[in-house]
Novice: 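Dropping a structure here in C-alpha cells format, bear with me for questions.
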Amino acid sequence: MPRYDHQEIEKRAQEKWAALDLYTTDLTNTEKEPYYLLFEFPYPSGDLHIGHWYAFAVTDIYARYLRMKGKNVLFPIGFDSFGLPAENAAMKNGADPKEWTYQNMDRMRAQIRTMGTSLDWSKEVVTSDPEYYKWTQWLFAKLFEHKLVERREAPVKWCPKDQTVLANEQVVDGKCERCGTEVVEKRLTQWFMKITDYAERLLTDLDALPWREDIKDAQRAWIGKSEGAKLSFKVVPSAEASSEDVAAIPDVSIEVFTTRPDTLYGVTYVVLAPEHKLLNELLEVLENEPDVAAYIEMTKRKTERERSENKEKTGVRLEGVMAVNPVSGEKIPLYVADYVLGSYGTGAVMAVPAHDERDFVFAKKHALPHLQVVASKNEEECFTGDGTLVASGEFSGRNNREAMADIVAKAGGVAVTNYRIRDWLVSRQRYWGCPIPVVYDPEGMPHLVPPEHLPWTLPTDVDFTPTGKAPLASSKELHERVIRIFGEGWTPEYDTLDTFVDSSWYFLRYLDPKDNHDFSDQAMLKKWLPVNRYSGGSEHTTMHLLYARFFHKALYDMALVPTSEPFNERFNRGIILGTDGQKMSKRWGNVVNPDDVVKEFGTDAVRMYLAFIGPYNEAGHYPWNLDGVSAMRRFLERVVALMEKSADTEVSQEVLRMLAKAEAKSAGDSERFKFNTALSALMVLVRDMEGLTSVPNTAYQDVLKMLAPFAPHLAEELWDKTGGEGSIHSSTRPVYDPRLLETDTVTVPVQVNGKRRGDISIAPDMEEVNVVAMALQLPTVLTAIAGKTPKRVVYVRSKIINIVVD
RNA sequence: GCUGGGGUGGCGAAAUUGGUAGACGCACCAGCCUUAGGAGCUGGCCCCGCAAGGGAUGGAGGUUCAAGUCCUCUCCCCAGCACCA
C-alpha cells in the first residue's frame, strides 16, 4: 500500500502555491540578492518529452534551492515559437502554422505545470507574438544602422528539402541541421549579420568566462583563428607565350594567405581556387582555356563536401602564365585546383610541397618539384615541423620561426589574421518567422521600415507550398501595405529571419516582457545581467550560444545592454537515452512517455530520478530505467514513514551532526549542479534517522527542507502535516554551526608500507607521538611489522598513518 | 589528422583534488514476515580464497611513505573541428 496519494498531494500543493503566488519574482526587490537562472526556452513542438523534463524540472531543483538560500530568483520561461516545423505541419496536414503553434503552446503550458516547477509565468515571452517580434525588428534595425547587418551576394548553403538558405552553423557534416538533407552551394544575395567583426572578441572574452573548457574550446575551434601573412605573387607570361598573348596578359598579382611565410623559398607553384575572381580575367589569355573552363565547371557541380572527401587532388595548370616568387624572383607555374577553398583566406595559396601535406600530395600527382627549406632528416618526405632554414637565401641558417617576420617584410607582405567563422546568414525563404523589416525602393535599394510601422506584421494571406521563392511573395496584403505606406514601385522584403535571431535576446525581454516602448528596461538589465547560470543543450554551443554572445556584444557597443557577455556560468545538460542505451526515437520504439510515469509514480519521484541519474554539470548520456523511478518513490515513502517517529523532543548533538553533515554535502553539491550526490547525502540522512528511536520534530522539518527542492509536493504536504507555517518553499534552509562537522574522535586508517592493516579511533588533535604509539599497539600492525623497527612513520593529521619498514 | 573530455563492479555512478577505491541507487542472491506484492524488513553483493591473506580503477613503465588522482609511453571511447594553407 502506498503511503501517500501523489495525485492528491500534487493537486493540493500546486493549488497552494498558486494561491500564495509564490513564484512571481519581484524584479525590483532590493533586500535579496538577485539570481538569474535560465534554461533554453522550448520550441512548441507538441507534447512534452522526457528531455523537456530533464531540462526544466532539474533546473527547477536549483531554483527552489536558491530561493531557500535567500536569493531573489528569476526563473522565467517562454517559447521560441517561430520555426520550420509549424510550416511543415501546415504543408502536411493543412494546419495553419500559427494555430498549430499556439495550440501546442497551450498544451505544453498545461504539461509543464504538472512538473511542479517554480517558473514565473508572468514574464513569459513568445517570439512569434507581434509584441515580441516588434523588438526583434527594432534590434535588427539598430544593427543595420550600425552596419552590422548587410545584404550582399555570397556563396551560401541551400537546403533543397527545406527550400531555404542556411547559416554555416546550421550545416552539420554537409547536411541540414534540421532535416539531414545534403546541402548545396549557391551564390545568392542574402542578409548577413557581421559576426566576423566580433570574431576576436568572441574568442578572447571566452578566457574570462567560467565555462567548462570543452564548451569554450568548441567555440574557439568554430571561430578558428589563424595568424599568418598575405603575400603577393605577380602574374607574368610564361616563356613560351606568344607576343600577342603577352600583350593581353593583365597586370595583376595573386594575393595568397599563408601561416608559413617562413617556407616562401620553398614555393614551387601557386594555386587558385576555382571560385577565384582573377580567373575570369585570366581565362581568355590562357593557352588551355577550354580545359580550365571545363575544370571550373566541373567543380561547380560538386558540393563542398564532395570536394573535401576527394583526397585525389585534381587540378589544371594555367598554361601561358607564371607567378613570380616575391623573394627569389623565380617563375613558378600557376594552377587551379579545388583543394583550395574560395571561401577561406584569399582563395589562393602558395604551395610548398616539402612542408605542407596537401601540397605534397598534389605535387606528387602533378610531378611538381619538391624543395626543402626547413631542414629535416628525410629530404624526400613532407616535414611540417620547425627547424633551421636552408636554401632560403640570406635567411638560410636561421630558425624558421624567428625569421618569419623578416621574410614577410622582404616579400613586401603584411601580417594578417584569418578566422574560419563566416558571417551569419540570417534571411530565410520561409513563412513562419519574423519578417525582415525592410522594403525596397523602385531602384531596388533596401530601406528599413521606420519604427512607427513596427511591428512589421507577418501577413496571413500566403501560400505555404515551398517553391524556392519565399512564401511571403504570395501575399497580396503585404504588397498593398508597402505601396500604401511607401508608394508605387516599392516592394517588400519576402524573406524572414532565422529563428536564432529571435532567441539571441529573449532573456533580455524576460526582464520587461510587456514594455511597449522599449525592448527591455535599462535599470533591470543593469540589476540582473549577466544571467548567473544558463543551462541548455550542447548542440547550441556553436549555434545559439555563439549568436547570442555576438548579439549581446553588438548591443553592448551600442550601449543597449550593460555587460559585454550575456551569460556568466553555462552548463550543457546531458541527454536521457532509452532503456536500451540508444537515443530515444520512435524508430527504435524506446520512447518514454513522461505522462505515464508521472501518473504512476508521481511528479516528485520522476524529478528525483532525473536528478539522481547522473551529474547535471556535465553532458553525459544516461539510460532511462523505470526501476530507478520506483526506487525514488520508495525513498519518498520512507520519508513519509519517518514522520511517525517524529516527536516533540530536544535535538541531540548526534542528530544535529547528522543534519549538518547532510546539509553541507547536499548544499555544496547542489551548488555545483551535482544533484545526484546531493540526493545521496539526503538518503544517508534519512537512513541514519530511521535508526533513531524518535526524531525531533524540528529535525524532521529540516529534512523536509532539504528534500523540498527535489520533491516539492510531498515536502509541502508533510510540512503542513507537521505544523509548518506558510509554504515550505518560502522558508529558509537550516544553517548549522560548522563546528558540528568537527567530531570528537576520528577514525584513522593505519598502513604498513602503504597497505591498510587496521584503524584507530583518536581525538583529532592528538599528538603525533601518541598516535604512532597507539598504532603500533594494533596486533595486525605488529604482525605486519614482524619485529622490525620502523624506518619512517608518516602521519597526516586525522587522515592517515603510514608505517614504513624494510 | 588536430583540439578537448573520458576509460572505475552486471548497470547508473561516488571518491573532500595525492591519503581506507566502489558512497548512493539499480539489478542480483540469501533469510525473515506475510490479509502472496511490481509490497516491507534484515543481511550479502569487485575478483581469487573456507579463512588468514592476496589482487584490482583500459594497458606498460615511473615519481612518492602513499597514485583512480601526478609524469612518460600506449590502446580504446565520446565530442568539436577538419583539404582552413
Side-chain angles (χ1 to χ4, degrees), chain A residues 1-2 172-173 212-226 228 256-260 263 271 273 304 307-313 337-341 343-346 348-352 355-359 361-362 384 418-421 538-539 541-542 572 577 581 600 609 612-615 618-632 634-635 637-638 641 664-665 668-669 674 676-684 687 747-759 780 783 790-796 798-805:
Chain A
M1 263 294 281
V172 180
D173 288 332
R212 274 179 60 115
E213 209 49 42
D214 54 345
I215 308 179
K216 293 206 252 183
D217 212 74
Q219 287 212 349
R220 289 190 186 111
W222 189 262
I223 296 165
K225 178 178 182 171
S226 66
V256 303
F257 171 72
T258 179
T259 55
R260 293 294 303 275
T263 62
V271 192
E304 204 164 285
R307 274 172 67 169
S308 70
E309 269 170 4
N310 178 18
K311 308 276 179 193
E312 268 292 299
K313 304 232 187 310
D338 69 2
Y339 79 91
V340 173
L341 304 175
S343 53
Y344 183 76
T346 60
V349 303
M350 58 177 228
V352 189
H355 304 292
D356 183 281
E357 302 278 0
R358 298 150 299 187
D359 300 340
V361 173
F362 188 84
T384 55
N418 250 313
Y419 298 90
R420 206 194 65 95
I421 192 171
S538 44
E539 70 275 17
T541 304
T542 54
N572 279 359
L577 306 171
E600 187 170 358
Y609 175 62
F612 193 67
I613 200 167
E618 48 189 85
H621 292 64
Y622 309 111
W624 176 264
N625 179 4
L626 196 61
D627 288 326
V629 185
S630 126
M632 295 303 129
R634 216 176 298 145
F635 171 73
E637 306 255 350
R638 278 165 55 198
K665 173 99 180 123
D669 288 349
K674 293 199 62 166
N676 54 336
T677 47
L679 256 181
S680 89
L682 254 179
M683 289 171 177
V684 170
R687 188 191 60 196
T747 306
V748 175
V750 182
Q751 297 182 330
V752 177
N753 285 342
K755 281 199 168 54
R756 183 171 167 250
R757 297 296 168 177
D759 42 42
T780 45
T783 317
K791 188 167 78 176
R792 187 176 167 188
V793 176
V794 181
Y795 174 58
V796 182
S798 300
K799 279 267 165 71
I800 202 155
I801 174 161
N802 192 7
I803 299 161
V804 188
V805 292

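To find a chain, count down the sequence lines: A is the first, B the second, and so on, and within it residues start at 1. Keep in mind that the numbers below use all heavy atoms, side chains included, and drop hydrogens, waters and symmetry copies.
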Novice: For nucleotides B:G68 and B:G9, find the distance between their P atoms and express it as a whole number of Å.
Specialist: 14 Å
Novice: Need the pair for B:G4. Rule: Watson-Crick or G-U wobble, both distances under 3.5 Å, any strand; none if unpaired.
Specialist: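 Pairing partner, where one exists within any strand: B:C78.
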Novice: Considering non-hydrogen atoms only, spot the tightest contact between A:Ala218 and A:Thr542 and give its length.
Specialist: O-CG2, 3.6 Å
Novice: With syn defined as a glycosidic angle within 90° of 0 and anti as the rest, where does B:G9 land?
Specialist: syn
Novice: According to side chain to side chain donor-acceptor pair (under 3.5 Å), who are the partners of A:Asp214, at least two apart in sequence or on a separate chain?
Specialist: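 Here the qualifying residues are A:Arg212.
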Novice: Specify the glycosidic conformation (syn or anti) of B:U17, with syn defined as within 90° of 0.
Specialist: syn
Novice: What pairs of nitrogen or oxygen atoms, one from the protein and one from nucleotides 52-58 of chain B, lie under 3.5 Å apart?
Specialist:
residue: B:G54; atom: OP1; partner: A:Arg757; partner atom: NH2; Å: 3.1

Novice: For A:Glu600, which contact category applies under a 4.0 Å heavy-atom criterion: base, sugar-phosphate, or nothing?
Specialist: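 Base, at least one base heavy atom under 4.0 Å.
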Novice: Please pick, from B:A82, B:G38, B:G4, the nucleotide with the shortest atom-to-atom distance to any side-chain atom of A:Arg420.
Specialist: B:A82
Novice: For A:Thr541 versus A:Gln219, what's the shortest heavy-atom pair and its separation?
Specialist: O-NE2, 2.9 Å
Novice: Take atom C1' in B:A52 and the same atom in B:G62, then report the distance between them in whole Å.
Specialist: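 Comparing C1' positions in B:A52 and B:G62 gives a spacing of 33 Å.
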Novice: Checking base pairs now: Watson-Crick or wobble, both atom distances under 3.5 Å. What partners B:G31?
Specialist: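 With both distances under 3.5 Å, B:G31 matches B:C41.
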Novice: Could you list the residues that satisfy side chain to side chain contact (heavy atoms under 4.5 Å, CB included) with A:Glu600, not counting sequence neighbours?
Specialist: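 For A:Glu600 there are no side chain to side chain contact (heavy atoms under 4.5 Å, CB included) partners, ignoring immediate neighbours.
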Novice: Should B:U16 form a Watson-Crick or G-U wobble pair with both distances under 3.5 Å, which nucleotide is its partner?
Specialist: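 With both distances under 3.5 Å required, B:U16 matches none.
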Novice: Rounded off to whole Å, could you give me the CD-to-C1' distance for the A:Glu213 and B:A79 pair?
Specialist: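 Checked: the CD to C1' distance equals 14 Å.
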Novice: I need the CG-C1' distance between A:Leu577 and B:C78, as an integer number of Å.
Specialist: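 For the pair A:Leu577 CG and B:C78 C1', the rounded distance is 12 Å.
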Novice: Under a 3.5 Å limit for both distances, which nucleotide forms a Watson-Crick or G-U wobble pair with B:C70, could you say?
Specialist: B:G62
Novice: Quick one: list whatever passes salt bridge (charged side-chain N to carboxylate O under 4.0 Å, His left out) with A:Asp356, sequence neighbours left out.
Specialist: A:Arg358
Novice: Can you tell me how far P in B:A23 sits from the matching atom in B:G43, rounded to whole Å?
Specialist: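 Approximately 15 Å lies between the P atom of B:A23 and that of B:G43.
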Novice: Can you check whether A:Arg792 has a side-chain N or O nearer than 4.0 Å to OP1 or OP2 of B:C65?
Specialist: yes
Novice: Report each atom pair, protein N/O against N/O of nucleotides 45-49 of chain B, whose distance is under 3.5 angstrom.
Specialist:
none

Novice: Can you tell me how far C1' of B:G4 sits from CZ of A:Arg220, to the nearest Å?
Specialist: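 Whole-Å distance recorded here is 10 Å.
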Novice: Please enumerate all residues that pass ring-ring contact (aromatic ring centres under 6.0 Å, His included) together with A:Tyr609, with sequence neighbours excluded.
Specialist: A:Trp624
Novice: A:Glu637 has an atom CD; how far is it from atom P of B:C41, in whole Å?
Specialist: 10 Å
Novice: Quick one: list whatever passes side chain to side chain donor-acceptor pair (under 3.5 Å) with A:Glu213, sequence neighbours left out.
Specialist: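 Testing A:Glu213 for side chain to side chain donor-acceptor pair (under 3.5 Å), a comparison that skips the adjacent residues, returns A:Arg220.
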Novice: Roughly how far apart, to the nearest Å, are B:C75 and B:G10 at atom C1'?
Specialist: 24 Å
Novice: Using atom C1' of each nucleotide, how far apart are B:C47 and B:G80 to the nearest Å?
Specialist: 38 Å
Novice: How far, in whole Å, is B:U42 from B:C77 if one measures between their C1' atoms?
Specialist: 41 Å
Novice: Of A:Leu626 and A:Ile803, whose closest RNA chain B nucleotide lies nearer the 5' terminus?
Specialist: A:Leu626
Novice: Within the 4.0 Å limit for protein heavy atoms, which parts of nucleotides 12-26 of chain B are touched? Write it as a string from 5' to 3', B for base, S for sugar-phosphate only, - for none.
Specialist: BSSS---BB--BBSS
Novice: Could you state the atom-to-atom distance from CD1 of A:Ile215 to C1' of B:U3 in whole Å?
Specialist: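 Result: 16 Å.
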Novice: Check whether any side-chain nitrogen or oxygen of A:Tyr339 sits under 4.0 Å from OP1 or OP2 of B:A85, and answer yes or no.
Specialist: no
Novice: So which atom in A:Val752 and which in A:Arg757 form the shortest heavy-atom distance, rounded to 0.1 Å?
Specialist: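 Of all heavy-atom pairs spanning A:Val752 and A:Arg757, the closest is CG2-CG, 3.7 Å.
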Novice: Taking only residues two or more places apart in sequence or in another chain, which ones pass side chain to side chain donor-acceptor pair (under 3.5 Å) with A:Lys674?
Specialist: none
Novice: Can you tell me how far C1' in B:A21 sits from the matching atom in B:A15, rounded to whole Å?
Specialist: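 Each nucleotide's C1' atom is 7 Å from the other's.
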Novice: Measure from CG on A:Asn753 to C1' on B:U64 and round the result to the nearest Å.
Specialist: 13 Å
Novice: Find the partner of B:U57: check Watson-Crick (N1-N3 plus N6-O4 or O6-N4) and G-U wobble (N1-O2, O6-N3) distances, both under 3.5 Å, and reply none if neither fits.
Specialist: none
Novice: Considering just the side-chain nitrogens and oxygens of A:Ser538, establish if one lies under 4.0 Å of OP1 or OP2 belonging to B:A79.
Specialist: no
Novice: In whole angstrom, give me the gap between the P atoms of B:G61 and B:C11.
Specialist: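 The same atom, P, in both gives a distance of 26 Å.
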Novice: Once ring-ring contact (aromatic ring centres under 6.0 Å, His included) is applied, do any residues pair with A:Phe257, and if so which ones, sequence neighbours excluded?
Specialist: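 Expected list: none.
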Novice: State, yes or no, whether a side-chain contact exists between A:Val804 and A:Val793 at a heavy-atom distance under 4.5 Å.
Specialist: no
Novice: What is the distance, rounded to the nearest whole Å, between atom CG of A:Asp173 and atom C1' of B:A79?
Specialist: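 Nearest whole value for this atom pair: 12 Å.
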Novice: I need the single residue from A:Val271, A:Thr258, A:Leu341 that forms a side chain to side chain contact (heavy atoms under 4.5 Å, CB included) with A:Val349. Which is it?
Specialist: A:Val271
Novice: For A:Tyr419, which residues count as a side chain to side chain donor-acceptor pair (under 3.5 Å) partner, sequence neighbours excluded?
Specialist: A:Glu200
Novice: Can you check the A:Asp217 CG to B:G6 P distance for me, whole Å?
Specialist: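 A:Asp217 atom CG is separated from B:G6 atom P by 13 Å.
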Novice: Taking salt bridge (charged side-chain N to carboxylate O under 4.0 Å, His left out) as the test, write out the residues that go with A:Arg634, two or more places apart.
Specialist: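 Partners of A:Arg634 under the salt bridge (charged side-chain N to carboxylate O under 4.0 Å, His left out) test: none.
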Novice: Using Watson-Crick or G-U wobble geometry with both distances under 3.5 Å, which nucleotide pairs with B:G25?
Specialist: B:C11
